[in-house]
Trainee: 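Dumping the structure here so I can ask a few things about it.
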Amino acid sequence: MIKVYKGTFIDTPTPESFRVRDNHYALCDEGVLKSLTKHVPREYESLPVTDLGPGIVIPSFIDLHIHAPQHMQMGVGLDLELLDWLNTLTFPGETRFTSPEYARELYPLFAADLVRQGTLRAVVYGTVHSESTMILAEELEKAGLKAFVGKVNMDCHAPPELLEDRRQSLEETEAFCLKLGDKGSIRPILTPRFAPSCSIGLMKALGALSHRDDLPVQSHLSETVSETRWVSDLFPDSRNYTQVYDQNGLLGKGSLMAHAIFLNDEEVDLIVKRETTLVHCPSANSNLGSGIMPLARYLDRGVSLGLGTDVGAGHTTAMYRVITQAVTVSKLLKILQREKGQRAVSLSEAFFLATAGNGKFFEKRGMGSSGVFQGGMSFDALVLDMGLPPVVKLTPLNHLERFLYSGDDRNIKKRISGGKEL
Ligand SMILES: [Zn+2]
């Protein structure tokens, strides 16, 4: 069925600048955008037009790194650093998902929160528990999201309640991936938590599984200095943290590595060579005092990049807030490293990452294109209205800037995924 929408559309087909098309008509066929033009094409003139109102329409957000079980601990214990935060709060919190009833109670709230904040696609961590993580996948599907969901793997350096036997970890992961399959709106992603919590044997087996079944991979890389030191003690045969993943077959085109703050040039070259995507999580990195990813330096070196909330170390599921945090921390890095000639990233670059940039991962994995208003892309959109009186003279772009910095979910009037309102 063909639908026609009228509105003022803003997107970023390239990172350099925003594209504004005011009072345009979007023609959608079965949820896929056919065209976005100033006038309705003649053959469709008789169709009814849905007016999206006086505000602006933007692509819906995509979160490339978020931990569903940590949703209830957002903002809690953020005076701690990563390894203490994991041991005192996060691991005990994740242990509770041993109970599927607990998962059934909490995961619908997580899914609803993503939709409320306009995040309609996401790459999500569960816990080591297959049953609870399958409940997470079901709840995301019910809420109308498109997502990759990972059952976490850990066979060392975790509390006994969360530790898996290597063989059991692999068998359960394979069964989990088979059950989710590769056709639906929720698909599996291999999720070795991070190198310290996985033995070489487990990482190698997951790497082989990824190659055999063409499965994507997500993990954490070089988030804090103390973690990086720990990794070099644990893996003396690897030259650096990035090489640990590479030597075990976990670094490829379909891999997402969160944080990547302290990479040396050799590691950055390897990331570029393997076409791995690094996921910047500025909120979490600031909260745990981990560091600032040199985002502009990576962008300028041609690294594939994405953006994530990293809830619960990130304190909000709102990608619009993470966009502005990415800009803010890059400005701080520019101030702190003036002698290195660091540049700050622009708002359009950060917005691009959270929409078109993150959308590329879904496109690469055969989940349809999203993140830009272009013919052939899934019509995934948010209708925003800042509710300002007409005497206030702001351009459509000013409205978007105001929303990103100081708006909230009350300004999101409609959420559309594949042409369907959620
Ligand atoms: Zn994380």
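Quantities reported herein were computed from a predicted structural model and do not represent experimental measurements.
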Trainee: Which atom names give the shortest non-hydrogen contact between Leu307 and Ala354, and what distance separates them?
Mentor: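 Looking at all heavy atoms of both residues, the closest pair is CD2-CB, 4.0 Å.
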Trainee: Going through the distances and angles, do Glu275 and Lys364 end up as a salt bridge (Lys or Arg N to Asp or Glu O under 4.0 Å)?
Mentor: CA-CA 12 Å; Glu275 297 176 60; Lys364 270 198 287 194; over 6 Å; no
Trainee: Under 3.5 Å, is there a donor-acceptor pair linking the side chains of Ser370 and Asp380?
Mentor: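 Yes, side-chain donor-acceptor contact under 3.5 Å.
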Trainee: Yes or no on side-chain contact (heavy atoms from CB on, under 4.5 Å) for Met134 and Leu180, after CA distance, side-chain angles and deciding distance?
Mentor: CA-CA 8 Å; Met134 196 52 77; Leu180 273 187; 4.0 Å; yes
Trainee: Hydrogens and angles aside, do Thr14 and Glu16 bring a side-chain donor and acceptor to less than 3.5 Å of each other?
Mentor: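 Glu16 and Thr14 do have a side-chain donor-acceptor pair below 3.5 Å.
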Trainee: For Asp408, is there an ion pair with Arg321 - N to carboxylate O distance below 4.0 angstrom?
Mentor: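 Looking at Arg321 and Asp408, the cut-off is not met.
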Trainee: Just verifying a value: how many Å separate Thr173 OG1 and Asn153 CG, rounded to the nearest 0.5 Å?
Mentor: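 Between Thr173 OG1 and Asn153 CG, I get 4.0 Å after rounding to 0.5 Å.
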Trainee: Within the supplied structure, the quantity of interest is the number of heavy atoms (other residues, nucleotides, ligands) at a distance under 6.0 Å from Arg274 CZ; does it exceed 12?
Mentor: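 Atom CZ in Arg274 is crowded, with more than 12 foreign heavy atoms closer than 6.0 Å.
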Trainee: Within a 6.0 Å radius of atom CZ on Arg19, are there more than 12 heavy atoms belonging to other residues, nucleotides or ligands?
Mentor: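 For Arg19, atom CZ is crowded (more than 12 foreign heavy atoms under 6.0 Å).
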Trainee: Using 0.5 Å steps for rounding, measure from the CD atom of Glu223 to the CG atom of Leu83.
Mentor: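 The distance works out to 8.5 Å.
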Trainee: Less than 4.0 angstrom from a charged side-chain N to a carboxylate O is my criterion; do Lys142 and Glu139 meet it?
Mentor: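 A salt bridge is present here (some side-chain N lies under 4.0 Å from a carboxylate O).
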Trainee: Between Lys334 and Ala344, which heavy-atom pair has the shortest distance, and what is it?
Mentor: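 Scanning both residues completely, I find the closest heavy atoms to be CD-N, 3.9 Å.
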Trainee: Quick check: does any side chain N or O of Lys413 sit under 3.5 Å from a backbone N or O of Arg410, one acting as donor and the other as acceptor?
Mentor: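 Checking the backbone N and O of Arg410 against the side chain of Lys413, a donor-acceptor pair under 3.5 Å is found.
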Trainee: Kindly indicate, with the supporting measurements, whether the criterion side chain to side chain donor-acceptor pair (under 3.5 Å) is fulfilled by Gln70 and Thr90.
Mentor: CA-CA 7 Å; Gln70 297 169 20; Thr90 306; 4.8 Å; no
Trainee: Once you measure the plane-to-plane angle for Phe379 and Phe373, does it fall in the parallel (<30°), tilted (30-60°) or perpendicular (>60°) bin?
Mentor: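 Phe379 vs Phe373 ring planes: tilted.
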Trainee: Would Tyr245 and Ser219 count as having a side-chain donor-acceptor pair, cut-off 3.5 Å?
Mentor: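 Ser219 and Tyr245 do have a side-chain donor-acceptor pair below 3.5 Å.
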Trainee: Could you tell me the separation between the OH atom of Tyr102 and the OG atom of Ser132, rounded to the nearest 0.5 Å?
Mentor: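 Here the rounded value is 10.5 Å.
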Trainee: What is the ring orientation for His65 with His220, classed by angle as parallel under 30°, tilted 30 to 60°, or perpendicular over 60°?
Mentor: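 Ring orientation, 0 to 90° scale: perpendicular.
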Trainee: Using the ring of each side chain (for Trp, its six-membered ring), is Phe351 parallel, tilted or perpendicular to Phe61, with breaks at 30° and 60°?
Mentor: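 Ring orientation of Phe351 relative to Phe61: perpendicular.
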Trainee: Working to the nearest 0.5 angstrom, can you tell me the gap between Thr119 OG1 and Leu382 CG?
Mentor: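 It comes to 8.0 Å.
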Trainee: What pair of heavy atoms forms the shortest contact from Gln247 to Ser238, and how long is it?
Mentor: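 Closest heavy-atom pair between Gln247 and Ser238: OE1-OG, 2.5 Å.
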Trainee: Ignoring hydrogens and angles, state whether a donor on the side chain of Glu161 or Thr98 is under 3.5 Å from an acceptor on the partner side chain.
Mentor: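 Side-chain D/A pair, Glu161 to Thr98: absent.
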Trainee: So for atom CD, which belongs to Glu363, do other residues, nucleotides or ligands contribute more than 12 heavy atoms lying within a distance under 6.0 Å?
Mentor: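 It does: Glu363 CD has more than 12 such atoms within range.
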Trainee: Taking atom CD of Glu105 as the centre, report whether more than 12 heavy atoms of other residues, nucleotides or ligands fall under 6.0 Å from it.
Mentor: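 Open: at most 12 neighbouring heavy atoms sit under 6.0 Å from CD of Glu105.
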Trainee: Using a strict 4.0 Å threshold on nitrogen-to-oxygen distance, state whether Asp214 and Lys253 make a salt bridge.
Mentor: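 Not counted as a salt bridge, because no side-chain N and carboxylate O are separated by less than 4.0 Å.
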Trainee: Do you know which two heavy atoms are closest between Cys198 and Arg193, and how far apart they sit?
Mentor: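 It is SG-N, 4.0 Å.
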Trainee: Would you call Asp182 and Arg187 a salt bridge, taking side-chain N to carboxylate O under 4.0 Å as the test?
Mentor: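 Salt bridge flag = no for Arg187 with Asp182.
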Trainee: Report yes or no: do Glu227 and Tyr241 form a side-chain donor-acceptor pair below 3.5 Å?
Mentor: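 Indeed, the side chains of Glu227 and Tyr241 share at least one donor-acceptor pair under 3.5 Å.
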Trainee: At what distance, to the nearest 0.5 angstrom, does CG of Leu33 lie from CZ of Phe9?
Mentor: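 Separation between the atoms: 8.0 Å.
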Trainee: Please determine, by modelled atom types, if Asp113 and Thr317 share a side-chain donor-acceptor pair under 3.5 angstrom.
Mentor: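 Result is yes, a qualifying pair exists.
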Trainee: Measuring from atom OG1 of Thr242 to atom CG of Asp246, what distance do you get when rounded to the nearest 0.5 angstrom?
Mentor: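 These two atoms lie 8.5 Å from each other.
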Trainee: Shortest non-hydrogen contact from Pro282 to Ser286?
Mentor: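 Taking Pro282 first and Ser286 second, the nearest heavy atoms are O-OG, 2.8 Å.
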Trainee: Just one of Leu295, Ile62, Ile323 clears the side chain to side chain contact (heavy atoms under 4.5 Å, CB included) bar with Leu353, so which one?
Mentor: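 Only match with Leu353 under side chain to side chain contact (heavy atoms under 4.5 Å, CB included): Leu295.
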